[in-house]
J.: 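Handing you a structure now.
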Amino acid sequence: MIVVGNCESWPGIETTARHLQQGAHGLDALVPGLSLVEAEAKVRSVGYGGWPNLLGEMEFDASVMNGTTRDYGAVAAVPMTLEVTRLARAVLENLPHTMLVGEGARRYADELGLARDPVLLEHSKEVWWRKLEDVMTPEQKDAFPNTDLAPLTRAITDPEKVRDTTVFLCKDSRNNICTATSTSGWAWKYPGRVGDSPIPGAGFYADSRYGGAACTHTGEMTMRCSTARTVVLAMKLGMSLDDALRLAVTELQELKSGYTGGVVIHAIDAAGHHRVINVGCEEDIIYWIWTPQLGKPVKQQALKAEDLLTGRVEALS
Ligand code: GLY
């Protein structure tokens with residue numbers, strides 16, 4: 001058994017580990033852990049602690065995937081809802097669809113009895129307006145929100161300034177590999193922007209026979225490269241976890257046009273090895289890992305992509 005969570009998974013990873021230890025299915029372990037992250041105001045990329053879009057409205061993306069059946073459920077740009085991972089799980093379990101967006105997703109949350117939560121922290125609201133005021137002309141400010149938002153998008157959105165996304169990956173006691181993701185996305189994003197967290201193959205993918213992967217940071221890149229699927233497919237084609245990650249990193253580094261930034265790939269293989277690779281983020285990237293041998297979740301530092309590419313890494317055993 002193993003669970004890997006990105007640096008912001010701390011409020012929930014112990015709960016997830018406890019469920020796994022008690023023999024729970026991977027999805028039954030991941031969702032309660034992520035719900036705790038979504039409720040924690042100190043986590044500034046997800047749920048209650050997240051950042052709003054350019055209009056000051058919160059829009060959440062989330063997903064869950066069962067690598068044994070390859071079923072997944074996802075929701076995107078959902079308003080007024082903190083427990084979006086739970087909502088994504090309900091899409092997987094109950095609907096003939098795989099993804100709901102916006103008002104349709106919120107409508108389904110109402111049918112499930114999920115509260116219409118207060119989702120915008122007072123602090124987030126103050127910072128949102130202050131940053132917006134800094135980049136708007138007096139004319140734009142007078143007209144706001146009835147002004148074109150596109151010119152403001154590039155001026156203000158900066159995904160490197162928020163630790164966007166919480167991801168969890170696990171292998172449970174019956175060898176099911178599962179993933180779960182949740183995010184408020186880029187701070188000050190254009191309304192309706194959807195990142196990679198609800199997109200299968202980009203922000204997450206799992207196949208219990210080979211492994212699983214989930215990404216944080218610049219979704220605009222992983223969506224162009226299908227990064228999570230690349231990692232898992234490469235293992236299916238016979239590559240080791242490290243070689244699969246080398247391929248995924250190389251594909252990301254080949255992107256020269258469009259919006260480029262850092263990406264962090266979290267991955268496990270079917271044998272229970274794991275790697276977390278920092279592809280171009282300037283700051284050190286921390287993640288959490290739990291196995292029964294470790295006893296409790298511990299923090300580790302991600303490998304830099306350059307060290308993986310040049311072979312300056314300890315072999316996985
Ligand atoms: N990786 C999260 C996002 O791009 O929204």
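Sequence positions, counted from 1, serve as the residue numbers for this chain. Remember, it's 1-based here, ligands and their atoms both numbered in the order they're listed. In this text, all values refer to a predicted model and were calculated from it rather than measured experimentally.
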J.: Could you tell me whether Gly219 and ligand 1 have an N or O pair separated by under 3.5 Å?
T.: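 For ligand 1, there is an N or O atom that lies under 3.5 Å from one belonging to Gly219.
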
J.: Could you tell me, atom by atom, which parts of ligand 1 come under 4.0 Å of a heavy atom of Thr165?
T.: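 It comes down to these atoms of ligand 1: 1 (N), 2 (C).
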
J.: Do Phe168 and Trp290 have their ring centres less than 6.0 Å from each other?
T.: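 That pair fails the under 6.0 Å test.
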
J.: I want to know if ligand 1 touches Trp186 in the polar sense, i.e. an N/O pair below 3.5 angstrom.
T.: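 No; the residue has no nitrogen or oxygen that sits under 3.5 Å from a nitrogen or oxygen of the ligand.
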
J.: Could you please spell out the steps behind the salt bridge (charged side-chain N to carboxylate O under 4.0 Å, His left out) verdict for Arg106 and Asp110?
T.: CA-CA 6 Å; Arg106 182 54 242 181; Asp110 288 336; 2.6 Å; yes

J.: Would you say Asp61 and ligand 1 have an N/O pair spaced under 3.5 Å apart?
T.: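 Min N/O separation from ligand 1 is not below 3.5 Å for Asp61.
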
J.: Answer yes or no: is there a side-chain heavy-atom contact under 4.5 Å between Glu139 and Thr147?
T.: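 No. Closest side-chain heavy atoms not under 4.5 Å.
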
J.: Do any nitrogen or oxygen atoms of Thr218 lie less than 3.5 angstrom from nitrogen or oxygen atoms of ligand 1?
T.: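 In fact, backbone or side chain, Thr218 has no N or O that close.
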
J.: Quick one: which ligand 1 atoms are inside 4.0 Å of a heavy atom on Ser197?
T.: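 The atoms of ligand 1 under 4.0 Å from a heavy atom of Ser197 are 2 (C).
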
J.: Any idea which atoms of ligand 1 are less than 4.0 Å away from a heavy-atom of His217?
T.: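 It comes down to these atoms of ligand 1: 1 (N), 2 (C), 3 (C), 4 (O).
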
J.: Answer yes when Asp207 and Arg229 have at least one side-chain N-carboxylate O distance shorter than 4.0 Å, and no when they do not.
T.: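 Looking at Asp207 and Arg229, the cut-off is not met.
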
J.: For Tyr287, which of Gln301, His274, Lys299 qualifies under side-chain hydrogen bond (donor to acceptor under 3.5 Å, both in side chains)?
T.: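 Testing each of Gln301, His274, Lys299 against Tyr287, the sole residue satisfying side-chain hydrogen bond (donor to acceptor under 3.5 Å, both in side chains) is His274.
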
J.: Please confirm whether Trp51 and Trp128 have ring centers closer than 6.0 angstrom.
T.: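 Not close enough - the centres of the two rings lie 6.0 Å or further apart.
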
